[in-house]
Participant: 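One structure, as structure tokens, below. Some questions next.
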Amino acid sequence: MAGKYKVPRGTYDILPSESYKWQFITQKFREIAHLFNYREIITPIFESSGLFERSVGGNSDIVQKEMYKFKDKKGRQFALRPEGTAPVVRSYIENSLQMQPNASKLYYIAPMFRYDRPQKGRYRQFYQYGVENIGSENPAYDAEVIAMGYIFLEKLGLQNFSLEINSIGCSNCSQDYDKALIEYFSQYEAELCKDCRNRLQKNPKRVLDCKVPTCRKIAQNAPSMLDYLDEDCQNHFEKVQKYLQEMNIPFTVNPKIVRGLDYYTQTAFEFLNNNLGAQNAVCGGGRYNGLFQQLGGQNTPAIGFAGGMERLILSMENEGLSFGEEPHPQAFVVALGDEAKEFSLSLVHKLRNEKIATDTSYEKNSLKAQMKAADKSNALYCLILGDDELKTDTVTIKNMKTGEQKQIPLATLVQAIKQRTLV
RNA sequence: GUGGAUGUAGUUCAAUGGUAGAGCACUGGAUUGUGGUUCCAGGCGUUGUGGGUUCAAAUCCCAUCAUCCACCCCA
């Protein structure tokens, strides 16, 4: 039965058969976040467009082509948030969180919106989990944030992922480096692809990760960012690496990592999974020391990361990992005859009050149909109520896995289920 | 935004211009109170949508929408 309406392009429904996976992952993420003493922040789904134009960067693809913008009835210009960091920073500044205790470590799990062409692992509404560590430029926090991402993926059981890190320097080193890149690539301008010739002036670092073979070849001998770091940035980057080594977190330095959002400085990193096709970044982040000032706040260094739920789930499915058990009732009540049916209503209610997850079918009458329903519900126990049981104030309890069953006094039912469930 | 592939039942797929079908799933049943196995029965699907060609279109053509893949971008 095809209905009249369909989900908007690039969006999708998370159906009951999938939603428990979401719950499993978000619960794990919260656990890890709390383990590191991060606390949740929840910001609105839309913000003033200017927030993103100023933070993500007016020239970035995200702002230029991918933002869902709209005006409200008073003509105010808003955008559905395309990413999570800028809103957190906005909120931090607006609420003077630097004055509040325990507000420097924040996490979120929230939908983001980008008007991209949909593809595997790429959607127009997608979910990100992320953290922000605000207020310090100590490289220990860089290492801590990276460690958090690493432990999260590891705890989920992922095997096939790698960590790549880089330092893109502060604005000083970055300018020098851009100059050097332009100088280098200009020699080969004629051989570069059309896109890269364009990138060369606007954002020369982008040429480094072009996939066209000839550009790739030229990029191989391009000057490395690492040679252009000033002393501070170099020290910082070395410490990050040292701390990661001390925590036994494996990584490779990839000087070609470029971040698409303008606000990044110094440390940049990505967790990659090779089974995802073109959309292989499971999680990415970096330091953004300049962002607070750009948004009108005090000079406040910070570092964070964000990861995509959809890609994480794809990776886990690829590796055949468990998402925990699907929720199911503990007990399913089967009632035979009108009298028992009526009685089952209060029995079910009583069990639920006792925190025993219980279901029944008021619709089905035959024992067989009800047993089938009990089976499908994946309930641990089936509770059978018939004439015999009603007469003697008992109930037959059946273990659906082993097939064992026993007739017990109604008065002892709750206790019996609780004891058995614990085993 | 660019290029390519694909759209048939809930789902996976058949049907190459001549009556739309199968496996799985789903629902019911196989005499007196027992599920998972087995057997039987149950589908009026605008063949994504809209046009066109033809005596005749799921099938050929055009458009449109959607999905997938790649570019791009990034989570």
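Computed from a predicted model, the values in this text were never measured in an experiment. Residue numbers start from 1 in every chain, and the chains themselves are labelled A, B, ... in the order their sequence lines are given, proteins ahead of strands.
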Participant: At 4.0 Å (heavy atoms only), tell me whether A:Tyr123 reaches a base, stays on the sugar-phosphate, or touches nothing.
Facilitator: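 A:Tyr123: base contact, heavy atoms under 4.0 Å.
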Participant: Pick the nucleotide of RNA chain B nearest each of A:Arg124 and A:Lys364; which residue has the one closer to the 5' end?
Facilitator: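 Nearer the 5' end of the strand: A:Lys364.
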Participant: Among B:rC74, B:rG33, B:rU67, find the nucleotide with the atom closest to the side chain of A:Leu367.
Facilitator: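 Per side-chain heavy atoms of A:Leu367, the pick is B:rG33.
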Participant: For residues 264-271 of chain A, please give each side-chain donor-acceptor pair under 3.5 Å, one per line with the distance, not counting sequence neighbours.
Facilitator:
unit_1   : atom_1 : unit_2   : atom_2 : d
A:Thr265 : OG1    : A:Asn289 : N      : 3.1
A:Thr267 : OG1    : A:Asp142 : OD2    : 2.6
A:Glu270 : OE2    : A:Arg259 : NH2    : 2.9

Participant: With a 4.0 Å cut-off on heavy atoms, is A:Gln370 in touch with a base, just the backbone sugar-phosphate, or nothing at all?
Facilitator: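 Result for A:Gln370 = nothing.
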Participant: At under 4.0 Å between heavy atoms, what does A:Glu270 touch on the DNA or RNA strands: base, sugar-phosphate, or nothing?
Facilitator: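 Touches nothing.
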Participant: Mind checking if A:Lys376 touches a base, just sugar-phosphate, or nothing, with heavy atoms under 4.0 Å?
Facilitator: sugar-phosphate
Participant: Any donor-acceptor pair under 3.5 Å joining the side chain of A:Glu389 to the base of B:rG33?
Facilitator: yes
Participant: Taking donor-acceptor contacts at under 3.5 Å, does the side chain of A:Arg311 reach the base of B:rC74?
Facilitator: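 Flag set: donor-acceptor pair detected.
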Participant: So does A:Gln159 have more than 12 non-hydrogen atoms from other groups sitting under 6.0 Å from CD?
Facilitator: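 No, because the 6.0 Å sphere around CD of A:Gln159 holds 12 heavy atoms or fewer from other groups.
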Participant: Could you give the CE-to-P distance, from A:Met371 to B:rG33, as a whole number of Å?
Facilitator: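 In whole Å, B:rG33 P lies 13 Å from A:Met371 CE.
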Participant: In this structure, is the centre-to-centre distance between the rings of A:Phe29 and A:Phe152 below 6.0 Å?
Facilitator: yes
Participant: Between B:rU34 and A:Gln405, counting only base atoms on the nucleotide and side-chain atoms on the residue, is there a donor-acceptor pair under 3.5 Å?
Facilitator: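 Side chain to base: pair present.
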Participant: Quick check for you: among B:rG36, B:rA75, B:rG33, whose closest atom lies nearest to any side-chain atom of A:Asp116?
Facilitator: B:rA75
Participant: Once hydrogens and angles are ignored, does a donor-acceptor distance under 3.5 Å link the base of B:rC73 to the side chain of A:Arg122?
Facilitator: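 Flag set: donor-acceptor pair detected.
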Participant: Could you check whether A:Val334 gets within reach of a base, just the sugar-phosphate, or nothing at all, counting any heavy atom under 4.0 Å?
Facilitator: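 Touches nothing.
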Participant: Please work out if A:Asp61 contacts a base, only the sugar-phosphate, or nothing of the nucleic acid, heavy-atom cut-off 4.0 Å.
Facilitator: sugar-phosphate
Participant: Base, sugar-phosphate, or nothing: which does A:Glu66 touch, judged by heavy atoms less than 4.0 Å apart?
Facilitator: sugar-phosphate
Participant: Specify whether A:Phe78 and A:Phe70 have parallel, tilted or perpendicular ring planes, treating 30° as the upper limit for parallel and 60° as the lower limit for perpendicular.
Facilitator: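 Answer is tilted, since the angle falls between 30° and 60°.
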Participant: Using the P atom as the point on both nucleotides, what is the distance between B:rU47 and B:rU8, in whole Å?
Facilitator: 12 Å
Participant: When all nucleic acid strands are considered with a 4.0 Å heavy-atom cut-off, which category describes A:Ala306: base, sugar-phosphate, or nothing?
Facilitator: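 Since only primed, P, OP1 and OP2 atoms lie under 4.0 Å of A:Ala306, the category is sugar-phosphate.
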Participant: Rounded off to whole Å, could you give me the OH-to-C1' distance for the A:Tyr127 and B:rC74 pair?
Facilitator: 18 Å
Participant: What does A:Gly10 touch in the nucleic acid at a heavy-atom separation under 4.0 angstrom: a base, only the sugar-phosphate, or nothing?
Facilitator: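 The residue A:Gly10 makes sugar-phosphate contact but no base contact.
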Participant: Taking only Lys NZ, Arg NE, NH1 and NH2, and the carboxylate oxygens of Asp or Glu, determine whether A:Arg30 and A:Glu40 approach each other closer than 4.0 Å.
Facilitator: yes
Participant: Nearest of B:rG29, B:rC73, B:rU34 to any side-chain atom of A:Arg206?
Facilitator: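 Per side-chain heavy atoms of A:Arg206, the pick is B:rC73.
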Participant: Write out the stems for RNA chain B, ordered by first number and formatted as range with range, counting runs of at least 3 consecutive Watson-Crick or G-U wobble pairs under 3.5 Å.
Facilitator: B:1-7 with B:65-71, B:10-13 with B:21-24, B:26-30 with B:38-42, B:48-52 with B:60-64
Participant: Using the C1' atom as the reference point in each nucleotide, state the distance between B:rG10 and B:rC69 in Å, no decimals.
Facilitator: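 Looking at atom C1' only, B:rG10 and B:rC69 are 26 Å apart.
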Participant: Is the count of non-hydrogen atoms from other residues, nucleotides or ligands lying under 6.0 Å from A:Arg352 atom CZ greater than 12?
Facilitator: yes
Participant: What do you reckon, is CD of A:Glu183 surrounded by more than 12 foreign heavy atoms closer than 6.0 Å?
Facilitator: no
Participant: Between B:rA75 and B:rA15, how far is it from one C1' atom to the other, in whole Å?
Facilitator: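 One C1' to the other, the span is 42 Å.
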Participant: What distance, rounded to whole Å, do you find between the two C1' atoms, one in B:rA41 and one in B:rU54?
Facilitator: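 Rounded to whole Å, the distance is 41 Å.
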Participant: Considering only side-chain heavy atoms of A:Lys6, which listed nucleotide, B:rC73, B:rG3, B:rC65, is closest?
Facilitator: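 Nearest nucleotide to the side chain: B:rC65.
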Participant: Taking atom P in both B:rU27 and B:rU67, what distance in whole Å separates the two?
Facilitator: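 One P to the other, the span is 30 Å.
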Participant: Would A:Tyr228 and A:Tyr177 count as a close aromatic pair, with their ring centres under 6.0 Å?
Facilitator: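 Yes, they do, as the ring centres are separated by less than 6.0 Å.
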Participant: Within the 4.0 Å heavy-atom criterion, would you say A:Lys401 contacts the bases, only the backbone, or no part of the nucleic acid?
Facilitator: base
Participant: If you measure from the C1' atom in B:rG23 to the same atom in B:rC65, how many Å do you get, rounded?
Facilitator: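 B:rG23 and B:rC65 have their C1' atoms separated by 30 Å.
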Participant: Are A:Lys217 and A:Glu191 close enough for a salt bridge, meaning some N to O gap below 4.0 Å?
Facilitator: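 No.
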Participant: So, under a plain 3.5 Å distance rule, would you say the side chain of A:Arg9 forms a donor-acceptor pair with the base of B:rU67?
Facilitator: no
Participant: Using whole Å, report how far CD of A:Glu339 lies from C1' of B:rG33.
Facilitator: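 My rounded result for the distance is 16 Å.
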Participant: Is a donor-acceptor contact shorter than 3.5 angstrom present between the side chain of A:Lys368 and the base of B:rU34?
Facilitator: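 No.
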Participant: Take the protein atom CD of A:Gln119 and the nucleotide atom C1' of B:rG4, then report the distance between them rounded to whole Å.
Facilitator: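 After rounding, the gap between these two atoms is 12 Å.
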Participant: Which part of the nucleic acid, if any, lies within reach of A:Gly121 when heavy atoms closer than 4.0 Å are counted: base, sugar-phosphate only, or nothing?
Facilitator: base
Participant: Please work out if A:Cys283 contacts a base, only the sugar-phosphate, or nothing of the nucleic acid, heavy-atom cut-off 4.0 Å.
Facilitator: sugar-phosphate
Participant: How many whole angstroms separate atom CG of A:Leu336 from atom C1' of B:rU32?
Facilitator: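 Spelled out: CG on A:Leu336 to C1' on B:rU32 is 12 Å.
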Participant: Rounded to whole angstroms, how far apart are OH on A:Tyr12 and C1' on B:rA75?
Facilitator: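 About 11 Å, once rounded to whole Å.
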Participant: Does A:Lys418 come within less than 4.0 Å of A:Glu354, counting only side-chain N to carboxylate O?
Facilitator: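 A:Glu354 and A:Lys418: salt-bridged.
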Participant: With nearest nucleotide decided by heavy atoms, which residue, A:Lys65 or A:Ala281, maps closer to the 5′ end of RNA chain B?
Facilitator: A:Lys65
Participant: Tell me the interatomic distance from A:Asn280, atom CG, to B:rA70, atom C1', rounded to whole angstroms.
Facilitator: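 Rounding to the nearest Å, CG of A:Asn280 and C1' of B:rA70 are 14 Å apart.
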Participant: Quote, to the nearest angstrom, the P distance that separates B:rC62 from B:rG4.
Facilitator: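 Those two atoms are separated by 13 Å.
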Participant: With rounding to whole Å, what would you report as the distance between B:rG43 and B:rA25 at their C1' atoms?
Facilitator: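 B:rG43 and B:rA25 have their C1' atoms separated by 13 Å.
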Participant: Select base, sugar-phosphate, or nothing to describe what A:Ile384 touches, counting heavy atoms under 4.0 Å on all strands.
Facilitator: base
Participant: Taking the ring of A:Phe292 and the ring of A:Tyr92, is the distance between their centroids below 6.0 Å?
Facilitator: yes
Participant: What about A:Lys372: does its side chain form a donor-acceptor pair under 3.5 Å with the base of B:rG36?
Facilitator: no
